Structures are given as C-alpha cells and as structure tokens.
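Notes for the one structure printed next.
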Amino acid sequence: MAPKICCLGAGYVGGPTCAVIAYKCPDVQVTICDLNQARIDAWNSDHLPIFEPGLDDVVKAARGRNLFFTTEVDRAINEADLIFVSVNTPTKKSGMGAGFAADLAYVESATRRIAAVATSSKIVIEKSTVPCRTAESMRAILEANSRDGIRFDILSNPEFLAEGTAISDLMKPDRVLIGSLETDEGRKAQATLASVYSNWVPKEKIITMNLWSSELSKLAANAILAQRISSINALSAICEATGADVDEVSYACGLDTRIGPKFLKASVGFGGSCFQKDILNLVYLSESLHLPEVAAYWHQVVIMNEYQKSRFSQRVVKRLFNTITNKKVAVFGFAFKKDTGDTRESAAITLANNFIKEGANICIYDPKVEEPQIAIDLAETGISTAEYQKRVTISKTPYDAANGADAIVICTEWDEFKTLDYEKIYATMNKPACLFDGRLILDTKKLRAIGFQVEVIGKSVV
Ligand code: UDX
Ligand code: ADP
C-alpha cells in the first residue's frame, strides 16, 4: 500500500515540495500542516500564500484529490507513515551562537509534537536546512519519548529547489539525496522514501548515503554556490577599477568546462533564505570543531557579499554628487531574485536602508512584493515608523516610482525591467537622470543614447 505523507510546515519548502509529491503520486495521500491558520487558509484558496511559477496548476490538480492543507497537526501526524519536517530554521538572534547558529526551536518543537502524539511507527524526514548532526538531536528526542511498539526512523532529505524555479527543480531534480543511519531499519526507511520519489525521478538520480553526509551536503552545496557569486562579485570590483567588463570575464571563465557558466553572474549581492544562513551555520560548525581557518574561509563569502552591497550603495551616493539627502531614488525590485515574492535577505533591503540613512526619499516598485512586507523588512533594519512614513513610498508601477526621481537603482532582475519604455521614464525624471544597474540586465548603450547616466556593477564608466 502507498505510504501516507504528512508535512509539518507549509512554507516555501514544505508547500511546493509536498504539492509536487502529491501531484506526481496520485496514490499517496499528502497532508500539509501549519500552525499558522491564515497560511493554511491561503493554501486552500485561489490566492496561494507564495508566488511560484507553475505552483497554482500543481495545487489545483491535486488539492482535494490526494493533497490537503490543514492546521490539524496531530491528526495529520497520526495518519501518516512518513513525516516531513519543513519548519523554519532562522539564524539565532540571541544567546549562544547568535548571528551564526541556526535556531532549532521550531524543529525541536515539531519533533516533540511527533513524539507526543504518534500512536504508530513513523519515518521522520528532515527537510528544512539544518546544521550537520541535527538528526542526532531529533533522534534523541524521539527515542526518549517513544512508547512500546512505536519506532521512529530518521532520514535526511535536503531540499535543493531554488525559488522562482521550484516547480521545475522538483519535477526534474539534478539529484535527490536520502541520508539514513547505516542500520537495517535505516536502509529500509530510506527505501520507503526512495519508492515515493521513484514515481517520477530516475533511479540513478536518487542517491542514498549516510545521514551526516546528507546533512552536510546541503550546507556544502549552498556554500559552494554562494562562493561562486562572491568570487565573481570580488572580481567585479577589480573590473570597475581596471576597465575590464565582468560579464566578459564571467563568460570567458565559464567556458572552461571545469568551471561552467552557471552562478557566475555578478550582482548587487546574493540574498534568499539559504545562502547566508547555511554559510553561517558552516562557520559556526567549523568553529565548534576548532577549525578557525576553515571558519574564516567560509565567513569571507558572506563578508564579501556585505561588501558588495555597501560598495554599490556608495557608488550611488558618489555619482549623485556625494549626497542623496532629500533626493528621490527609485528602487526597482525588492525581492531577492526574480519570479518570487520572497524578500528574505534581499540585497534591496540593505540598499533601501542605506539610502534612507543618507536622507533620500525612496520609491519602491516590485511586481510581487506587497507593502506590508516591505515595511516589516525595513523596520527590522532599524527604520522607525516615522522615518518610513517620511521617506518611503510604494509604487504600483515602475513609471510612478521613477517619476521625478534623480536615480533608478535596479535591485532585482525582473524581466519586465528589460522592456520598459525608458524614453518615457527619462522624460519624467530629474536631470541628470542616473540609472544604476545592480543586475547587469539593461542595454546600457541604448540608455546612454536616451540621455541616462548609467553605472553598472563590474563595469567602469565609459
Ligand atoms: C538556493 C539554492 O540555489 C537552492 O539549491 C537551495 O535549495 C536554496 O538556496 P534560492 O536561494 O532560492 O536557492 O535561489 P538562487 O537561485 O540560488 O539565488 C540566490 C541568490 O543568489 C539570489 O539573490 C540571486 O539573485 C543570486 N545570484 C544567483 C547571483 O547574484 N548570481 C548568480 O549567478 C546566481
Ligand atoms: P521555509 O522557507 O524553510 O519553508 P517558511 O518560514 O516559509 O520557511 O515556512 C516554515 C513554516 O513552518 C511556517 O509557515 C511556520 O508557521 C511553520 N511551522 C513552524 N513550526 C511548526 C510546527 N511545529 N508545526 C507545523 N508548522 C510549523
């Protein structure tokens, strides 16, 4: 009989992942739970709580058939054979390891809930990104609370989906990792989960390994990806100073098949819920293991990312005659990348904060991020309500945002920014009208011909 699945956490990871499992495995009953009623209501409505291309169709096809969304966590746990733990694991804000270690309070409380309410054996699957050896703590909690005849097996099955392409990443994954303890029971649990994925993922792409390798592989993959971006961003600073063009350098390096072309696009800095968090986890782990050189090595990837954001902010201020006080700056894009409404760790937050601190009035346009989220994000960087009200406007169109502005700053690479009517925009701006491309997406020649003063990351002014 097909196993029943429950997922704890209906966020960016749990929602799309388990929706695709339900879509691909009509025989498997999948129940996605969350403690947040509003989030579950949204999953059950026509307006899903997260924007992800292709997600609507997947949910529509499976919801009510073998895909359910509920806040009845205990019932869902009890009915399931396999339980995905996909709760949030933010970086700790205080206490031991603050600023580096992951806050595992949500993972722990979800694990305790499973232990408390389960009346039959379960396979518990770590899905959230967690530090290496988290499974050990989960196992200790489950074993200490297991009752006669109930077994808990732990698996690590890290998520590699990227937001904006989550559905295609899930439908055609490069690989599916399943880590388990090297025991007979562990291998049996591994095989049960593998049988779910084998409904649509080719067998050779389902990789089994030990639990700790699987946990560390997730952190390692994200650290290596982020490292590539920090490497090209470090080179972008050299390009600006020498007259080299970072796109050309990236292209030339990427043609070497040993390097490859992906993740070499210079930018205003990487964002998202994973890269920074995972690297800081790795730094914390390295320090805990008394490997300070290793910790410093990985930490530099995040330091370089911060440097890139502050370097770009400074370039904007310098270009606008060393002051942006009371000038209007239009911020194009607030999400951490295109095709998502997610703003976690978005470079735009840091840039907007820097501009406000310099006394600018900023006008933000993003096709998918809504005003309350922007207000929360800026408040978290220390912008007071009074400052926000005085300095920040949210526009419904990019044309409104740029109207009367001294500068446009491209923070997110939304496709629509490539095809705007820049002549129309130029006509409504203060002169000289400046445009800063933090994503290297615009045709600078054309913009300069219109009259814009254009500055691009990784390119010196010609
Ligand atoms: C990442 C990993 O790609 C994914 O495998 C993992 O499961 C979660 O973390 P995500 O954060 O959703 O996914 O998006 P990703 O496409 O990796 O982009 C992260 C950031 O890097 C974005 O801000 C993006 O704009 C930036 N980026 C990406 C660059 O600046 N240059 C690049 O070449 C690629
Ligand atoms: P991610 O990007 O890792 O998916 P999110 O913050 O988008 O992170 O989603 C995590 C979800 O997990 C949140 O909606 C949160 O309410 C939910 N959650 C946290 N703890 C529990 C729990 N014990 N049981 C069920 N859901 C939980």
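Since the structure is predicted, the reported quantities are computational estimates derived from the model, not experimental observations. Just so you know, ligand 1 is whichever comes first in the structure, and atom 1 is the first atom listed for that ligand. We're numbering straight along the sequence, starting at 1.
In this structure, atom 29 (C) of ligand 1 lies nearest to the protein heavy atom I229 CD1, 3.6 Å. Scanning the protein for heavy atoms near atom 16 (O) of ligand 1, the closest one is K337 NZ, 2.7 Å. With respect to atom 2 (O) of ligand 2, the closest heavy atom belonging to the protein is R344 NH2, 2.9 Å.
Using modelled atom types and a 3.5 Å distance limit, the side chains of R75 and T31 yield no donor-acceptor pair. Looking at E215 and S156, their side chains never bring a donor and an acceptor atom within 3.5 Å of each other. Using a 3.5 Å distance cut-off with no hydrogens or angles, the side chains of E358 and N354 do not pair a donor with an acceptor.
Of the listed options R439, K265, K338, R439 places a heavy atom closest to atom 24 (C) of ligand 1. The heavy atom nearest to atom 14 (O) of ligand 2, out of those in Q37, R113, R39, is found in R39. The heavy atom nearest to atom 24 (N) of ligand 2, out of those in L35, I40, D342, T111, is found in L35. Between atom 23 (O) of ligand 1 and the options F263, F160, F336, the minimum heavy-atom separation is to F336.
Residue contacts with ligand 1 for E159 involve N, CA, C or O but no side-chain atom from C-beta outward (heavy atoms, distance under 4.0 Å). Contacts between N222 and ligand 1 below 4.0 angstrom, taking non-hydrogen atoms only, involve the side chain exclusively.
The contact set between ligand 1 and K218, taken as ligand atoms under 4.0 Å from a residue heavy atom, comprises 6 (C), 7 (O). Residue-ligand proximity, S267 to ligand 1, at heavy-atom distances under 4.0 Å covers atoms 29 (C), 30 (O). Contact atoms of ligand 1 toward A162: 3 (O), 12 (O), 13 (O), 14 (O), 16 (O) (distance under 4.0 Å to a heavy atom of the residue). Per-residue contacts place G11 under 4.0 angstrom from the following atoms of ligand 2 (heavy atoms of the residue considered): 4 (O), 5 (P), 7 (O), 9 (O). Residue-ligand proximity, G9 to ligand 2, at heavy-atom distances under 4.0 Å covers atoms 11 (C), 12 (O), 17 (C), 25 (C), 26 (N). Which parts of ligand 1 touch C274 is read off a 4.0 Å heavy-atom cut-off, strictly below it: atoms 8 (C), 9 (O).
Between D153 and R151 there is a salt bridge, with a side-chain nitrogen of the basic residue lying less than 4.0 Å from a carboxylate oxygen of the acidic one. Ion pairing between D247 and K459 holds under the 4.0 Å rule for side-chain N and carboxylate O.
For E163, a nitrogen or oxygen atom sits less than 3.5 Å from a nitrogen or oxygen atom of ligand 1, counting backbone and side chain alike. Backbone and side-chain nitrogen or oxygen atoms of S273 are examined, and none is located within less than 3.5 angstrom of a nitrogen or oxygen of ligand 2. Inclusion of L161 in the set of residues having an N or O under 3.5 Å from an N or O of ligand 1 is warranted. At under 3.5 Å, not a single nitrogen or oxygen of V73, backbone or side chain, sits near a nitrogen or oxygen of ligand 2. For a threshold of 3.5 Å applied to N or O pairs, the pair formed by G271 and ligand 1 contains at least one separation below that value.
Within 6.0 Å of atom CZ in F275, more than 12 heavy atoms from other residues, nucleotides or ligands are found, so the atom counts as buried in its surroundings.
Taking the ring centre of F160 as origin, the terminal cationic atom of K218 falls inside the region bounded by 6.0 Å and 45° from the ring axis.
Counting heavy atoms from C-beta on, the side chains of D103 and T91 never come closer than 4.5 Å. The side-chain heavy atoms of F270 and S230, taken from C-beta on, include a pair separated by under 4.5 Å. Two residues are said to be in side-chain contact when any heavy atoms from C-beta on lie closer than 4.5 Å; I457 and D437 fail this criterion.
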